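Residue numbers begin at 1 in each chain, while the letters A, B, ... track the order of the sequences. Predicted, not measured: the structure shown is a model, and the values here were computed from it.
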There are 2 protein chains.
Amino acid sequence: MATLKEISAELGLSVTTVSRALNGFPEVKEHTRVKVRETAERMGYRPNRIAQRLVTGRSGMVGMIVKIKPDMSADQTFFEMLTGLTAALASRDTDLVLAVDQDSDPVTPYKKLLERDILDGFILNAPIVDDPRVTFLQDHGVPFVMHGQDRPDPTYPSFGIDNAQVSAQSVKLLANLGHKRIALINDELRHAYASERRSGFHAAMEQRGLSTDYVQNSATLESHGYMHALDMLSGSAPPTAFICASTVVAAGVMKAVHDRGLRVPDDISVMAHDDALPLTRAINFDPALTVTRAPLRDACSPLANILLDHLDGKPARELQVFQDIETIVRGSTGPAPKEV
Amino acid sequence: MATLKEISAELGLSVTTVSRALNGFPEVKEHTRVKVRETAERMGYRPNRIAQRLVTGRSGMVGMIVKIKPDMSADQTFFEMLTGLTAALASRDTDLVLAVDQDSDPVTPYKKLLERDILDGFILNAPIVDDPRVTFLQDHGVPFVMHGQDRPDPTYPSFGIDNAQVSAQSVKLLANLGHKRIALINDELRHAYASERRSGFHAAMEQRGLSTDYVQNSATLESHGYMHALDMLSGSAPPTAFICASTVVAAGVMKAVHDRGLRVPDDISVMAHDDALPLTRAINFDPALTVTRAPLRDACSPLANILLDHLDGKPARELQVFQDIETIVRGSTGPAPKEV
DNA sequence: TTCAAAATTCAAAACGTTTTGGAAAAAAAT
DNA sequence: ATTTTTTTCCAAAACGTTTTGAATTTTGAA
């Protein structure tokens, strides 16, 4: 493995110039830059990352803690994120170090990884409302990027979707179809995103003078979707439309509608937010699911870049980006049924 | 963050001595060692890993490639390994870098990660027979440890169970109970472990003069276990006992036995190999499952240590360790039924 | 031609550790 | 009292890069 010194010796140049030539500094003659590039290539030069890191004070490694559910079941979103993040980080010479959260206290795994004293920053995901990890990391001056936001006006870099907007768009679509009684099958409210969706839902409904009687916040399982929908549909003035936290929940809701002897979309409209995970594809529903859509995969590259930009000194307030959400109308939504 | 230099200045010692005192070298007076330790502690000294790595030529990072199934579903074993490995590696100041295998060619992801030129070695798992990754890594002189073995007498460090022994023990247990027609519901033969189990099964059966008519090698899904068992049980001289590749397969087999109107263990004995994954616990079966048992979690620490010992120069032939397997008799096995 | 300005190059320091080859001090042997 | 051995310590080099501050060369204008 060739080093800068060897290249400089080969060319009769100084190490400085070789370094600058390869790193694209302006103060090196084009002629020499070409020559340096050529011999570097020829000698199979590859910068020693460790040496780079020693002198720059950066480790080139960022951490992420994987939260495992009590049953050790793997989160489907995890591999989606892992795939995207490692690719995005690699393109900026950064590696992802993983650790598993088995502790009850949410900050302990971060503390542990931090003690190893090797990380430049963290990527956080799945924020809960007023996330304790935020306080901890900020107190310790550790840079991080959050996928989502744990509070309305955060002071840290973040990337995510506008969840209030998700609800607003969903309500708008359904209200325009004439629906009045719209249900929200939401995630547990401790999840920041669920809290935002709820606020957005309430705001959008109240703006139209619609009541928000049908809201449930619980774990996003198919079975829960099924249960809640069944329950709501057996009331005296049942909802005519469901907004679901995820496509998985929508699957449960649709099953409940079916089991009630009702049809989608004729009797009941169903829509969901779609992270575009490969396993549960909205297009494969019958009828195909109307969704607000923001592929999780699309978040990976921005998350990586935001964190690395932040490490390069870019201030947090310039690094709070929202992902676009698409509304895709498919077969599972239709005009509200005539009132009897 | 204090450095060695600062500590040496504080104590009027040389950097050398401080370094040696902290690293437990013998040639430093006990008195000074104590003093150095104290001030290091007091000044909050933590060795700069990057600097250590630059001078030692090691990066302190090992890689692992996660193979994702086509449906992107998460492998249950993955989190089990991730948890154990990160903990074991951390205790020897090593980090785990993950990448996801999405390619069709099994060596490409290794090549890619190698190009980043930052890893000390790899941890491989799930070997297939004559695994191409072995050839590739050995050709490139990259150290690795394999969880399992891809060939009978490997030249690389490895840790795993003796899969022939798994079959041997299972057959022995069942044969001693009087079973003659024993089925093996095995994984696909390209998996090295499945191939070994098959050989072991054949050897053990033939040694007892028993025929090996009932063998199926296919993906270890519950549905496959169900299918194959149902199929075998409808033959003219059906098996009286099943050896299953995993507890998941056993679940399917038991269901099939039940659906055939037969009882476990009165009519049919069922046993399996148990990796002791938290999700599918053999003890929760009804009746509780007789198993050969070797917790996957127990493999993590040895795997980490074997790789790191190898990196420290220990030769491969001293680093081929087999994990003990336990045979645990529970309710799912019993004496062979009397022949009609 | 001459001189200032711009462009290009370089030597050396720095990052924080480990390791090498001695040197000084203390202890033991002569 | 001198030499030898052992113990304890140290200065300096090394790892491979980036960066600083200055030196050299080239260019352009006077």
- Message: Using a 4.0 Å cut-off on heavy atoms, which residues in residues 36-51 of chain A reach DNA chain C? List them by number, or say none.
- Response: none
- Item | Test ring-ring contact (aromatic ring centres under 6.0 Å, His included) applied to B/Y45 - qualifying residues, sequence neighbours left out | none
- Query: Can A/K112 and A/E115 be counted as an ion pair, charged N to O under 4.0 angstrom?
  - Reply: no
- chain B reaches DNA chain D, atoms under 4.0 Å from its heavy atoms, from D/dT8 to D/dG16
- Taking ring-ring contact (aromatic ring centres under 6.0 Å, His included) as the test, write out the residues that go with A/F144, two or more places apart. A/Y156
- All pairs passing ring pair (Phe, Tyr, Trp, His ring centres under 6.0 Å) where residues 100-142 of chain A contributes a residue, at least two apart: A/Y110-A/F122, A/F136-A/H140
- Task: Decide yes or no for A/R42 and A/E10: does some side-chain heavy atom of the first lie under 4.5 Å from some side-chain heavy atom of the second?
- Result: yes
- Would you mind telling me which residue lines up with the more 5' stretch of DNA chain D, A/L54 or A/R20, judged by nearest nucleotide? A/L54
- Message: Within the structure provided, determine whether B/T155 and B/Q138 are in side-chain contact (heavy-atom separation under 4.5 Å).
- Response: yes
- Message: With no hydrogens and no angle check, just 3.5 Å: does a side-chain donor-acceptor pair link A/Q320 and A/S158?
- Response: no
- Listed by chain and number, what are the side chain to side chain contact (heavy atoms under 4.5 Å, CB included) partners of A/D324, not counting sequence neighbours? none
- More than 12 heavy atoms of other residues, nucleotides or ligands under 6.0 Å from CD of B/E27: is that the case? yes
- side chain to side chain contact (heavy atoms under 4.5 Å, CB included) partners for B/V55, two or more places apart: none
- For B/T56 and B/Q52, indicate whether the former's side chain and the latter's backbone hold a donor-acceptor pair under 3.5 Å. yes
- Under 4.0 Å from any atom of DNA chain C, heavy atoms only: list the residues of residues 5-18 of chain B that qualify, in numerical order. B/V15, B/T16
- Donor-acceptor side-chain pairing of B/S14 and B/T17 below 3.5 angstrom: yes
- Task: Taking side chain to side chain contact (heavy atoms under 4.5 Å, CB included) as the test, write out the residues that go with A/D101, two or more places apart.
- Result: A/I65, A/K67, A/D103, A/P109
- Residue list, ring-ring contact (aromatic ring centres under 6.0 Å, His included) with B/F159, at least two apart or on another chain: none
- Message: Under 4.0 Å, heavy atoms only, any strand: does A/R53 hit a base, just the sugar-phosphate, or nothing?
- Response: nothing
- Query: Is there a residue in residues 23-34 of chain A whose heavy atoms reach under 4.0 Å of DNA chain C, and which residues are they?
  - Reply: A/E27, A/V28, A/K29, A/T32
- Bend of the helix from C/dT1-D/dA30 to C/dT30-D/dA1 from end-axis comparison, five pairs per end, nearest 10°, comes to 60°
- note: A/L4, atom CG; C/dA12, atom P; distance rounded to Å ~ 18 Å
- Return yes if some donor-acceptor pair links the side-chain N/O of A/T83 with the main-chain N/O of A/F79 below 3.5 Å, else return no. yes
